[in-house]
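The block underneath contains the structure these notes are about, expressed in structure tokens.
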Amino acid sequence: MARDTAAVAEAARIFDALPAGARPFGGRTAELAALTVAAGRPSSGRGRLSVLAGRPGSGRTALAVQWARSVAADYPDGLLYARLSAPDGTRVGAGRAARMLLDQLGERPGLALLPGAAEEDPACGALREALASRRALLLLDDVRDTGQVWPLLAEKTESLLLATTSGPLTGIDGIDPVILGGLEHRATLDLLSALVGGTRISCDPVGAAELAEACANRPAALRLAAGWLRSEPRLPVTEAAERLRRPPEQQARERSRAEAAEQPDTVPVVEGDPLRGAFEPAYRRLPAARARLLRLCTLAPGQQVDLRTASALVGCPAPEAGSHLAALAELELMEREPAAADGTERYRVPGRLYGRLVELRGELDRPSELELARARLLERLVRLVDSARLLLDPAAGPNPDPLPGPLRLRSAAHAGQWLLGEREQLLAAVADAVGQGDLDGTAGRLVAALLRALPLTGEAAPADLHALHESVLKVAERQGAPRRAAAALLNLGDLQADADRWEQAAERYRRAVELSRGAGDEGGCARALEGVGHCHRALGDPLRAADAYGRALVLRQAVGDQVTEARLLVRVAEAHTALRRFEEALREYRSAAAVLRRIGDRAGEQQVAGLAARLRQHLGQEGFRPLSE
């Protein structure tokens, strides 16, 4: 896999969105070669796809990242990355993955990429189109099923999709996956030597071999065991291996005795689960505060944390949280993520440990403590987003509630970088909070803050705004707040209308009409009726458009909103013109001009007079004369 110096230098300039990868990395020579062979095969169907399959803890992500970077020079348009499963098992749809990948390509998802009722999310087609003229490598990590991959495969492209999965992906022809098992014996010992220290391993080769066997030669289990050994420098390797190999019944008895003596060093291990077996002793050696942080990190959106979010979860100073996170990563209990744009270190709960940590959280943390941790996190995010908004909009004035120094956003550039860099996590925090439904007040404040702040970056994706307004709608409906629900529906309708999805927009506007009418909100009802009229007009139904505009007009006239009244009179006139009701159209134009004259809008009055004049000219050319003339 060696590359010459020029190729390495070229690869260093290629856009790289991949995770940091496991370090040190060793072995897997045969698997790396097999991936190279698989990537070189011509596609037998739609798109180029390679699959790397292995059980959790087999090191499949680390291997995929290692191979991708080794061939980076062959993919000058970048190394892209999307994780298609959350640690809790939540499946990421192909559309959402496509939007993340488009963003990495610099293709900002526009209005046409809003989620809709179409059979396929339009973002998938946009990604395929973007890949058609590029040579990029896309790593799709932790794929659950073919439905997440198939829509992303582009025909006639030099780009390659590399999918990691725990099982076979059925339904796509011509796929010969590279299967991962345990590491080779020599590679296992080399890895342990690099992680623990060569002398300690080389002085006890029998113990090292037994430890590797107890970990089933799986890289993740070996790394956890190595972290445990580093935390106990006087623990012989042979004894560590012997503890992991004891039958579960014996371990349970020994744990009971150790707990009675206040020495909880021996823990039960599920038979046949080397990953959990290696995790337990490393976890039990943690100080209480550090173990609690590790458990509470499973509450973070996407299980991704930095010192800002971790300190909120546990209620400690940010520097303390940062040191805890670094220590957990040193023990292989957290994974390092690429640093944020401002250099802030970021970490992630490994998916392979998530299930056990949730079990421990349920055993050791009271529900009230967990709710408080989630509330602190949401409140921290609200303050960060508000701080970013005030920096991006100087006219909004100074921040009346600045964050402590280590958490503070320092400038408008810093605020914009933070908002865009954390956008996925912020949206995930909203989705988590709204889904659980017990912190609707703070969740609503976070949504409102994001709706104000994201557009200030100049890169607010309509799909993100759509998701936020959907969250507002869900909370409003749950709380029985029809006016807020109607406002959310109006915003959703506007987004769909801007994307020329008139039928979907009309459905939202009609629901807004019903809610506004039921709440006695005549202004909201008129606004929604006007939206319905726009949709019927765009769909080629001027009769229904005229009816909707007319009903909105009556409501606006009742409250004396003359500016909107004039606009609606023009809309009604245009609908009459489309229906060839020319006399009615000219009458509405005259009424609109009269309203504008009353409020002193000379420019508007002249514009309406011009529309009426053009209609008369058109009628004269066709040989028609209005009855009023």
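Residue indices begin at 1 and follow the sequence shown.
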Test item: [X] side-chain N/O and [Y] main-chain N/O as donor-acceptor pair under 3.5 Å:
X: Asp386; Y: Arg389; result: no
X: Arg218; Y: Ser58; result: no
X: Thr309; Y: Val305; result: no
X: Arg295; Y: Arg361; result: no
X: Thr457; Y: Gly416; result: no
X: Asp365; Y: Leu296; result: no
X: Gln148; Y: Leu84; result: yes
X: Gln303; Y: Gly351; result: no
X: Arg290; Y: Leu328; result: no
X: Glu232; Y: Leu229; result: no

Step by step, would you call Arg60 with Asp142 a side-chain contact (heavy atoms from CB on, under 4.5 Å)?
CA-CA 9 Å; Arg60 62 190 185 219; Asp142 202 9; 3.0 Å; yes
Should the heavy atoms of other residues, nucleotides or ligands under 6.0 Å from CD of Glu184 be counted, would the total exceed 12?
no
Is it true that atom CZ of Arg366 has more than 12 heavy atoms of other residues, nucleotides or ligands lying nearer than 6.0 Å?
no
Would you say the side chain of Val430 lies within less than 4.5 Å of the side chain of Leu450, judging by non-hydrogen atoms?
yes
Should Leu307 and Leu407 count as side-chain neighbours, where that means a heavy-atom distance under 4.5 Å?
yes
Would you call [X] and [Y] a salt bridge, taking side-chain N to carboxylate O under 4.0 Å as the test?
X: Asp464; Y: Arg99; result: no
X: Glu239; Y: Arg243; result: yes
X: Asp121; Y: Arg96; result: no
X: Glu359; Y: Arg356; result: yes
X: Arg292; Y: Glu369; result: no
X: Lys474; Y: Glu470; result: no
X: Glu335; Y: Arg223; result: no
X: Glu337; Y: Arg83; result: yes

Test Glu424 against Gln304 for side-chain contact (heavy atoms from CB on, under 4.5 Å), laying out the working first.
CA-CA 11 Å; Glu424 282 293 323; Gln304 182 172 290; over 6 Å; no
Side chains of Ser193 and Asp190: do they bring a donor and an acceptor to under 3.5 Å?
no
Is there a donor in the side chain of Arg374 and an acceptor in the side chain of Thr442, or the other way round, less than 3.5 Å apart?
no
Pair Glu379, Arg383 - check salt bridge (charged side-chain N to carboxylate O under 4.0 Å, His left out), show working.
CA-CA 6 Å; Glu379 186 63 36; Arg383 292 184 65 188; 5.6 Å; no
Between Leu378 and Arg445, is the side-chain contact (heavy atoms from CB on, under 4.5 Å) condition met? List the steps.
CA-CA 9 Å; Leu378 285 176; Arg445 291 173 53 226; over 6 Å; no
Correct closest heavy-atom pair for Pro301 and Leu377 would be CD-CD2, 3.8 Å
What pairs meet the ring pair (Phe, Tyr, Trp, His ring centres under 6.0 Å) rule with one or both residues in residues 279-304, with sequence neighbours excluded?
Phe279-Tyr283
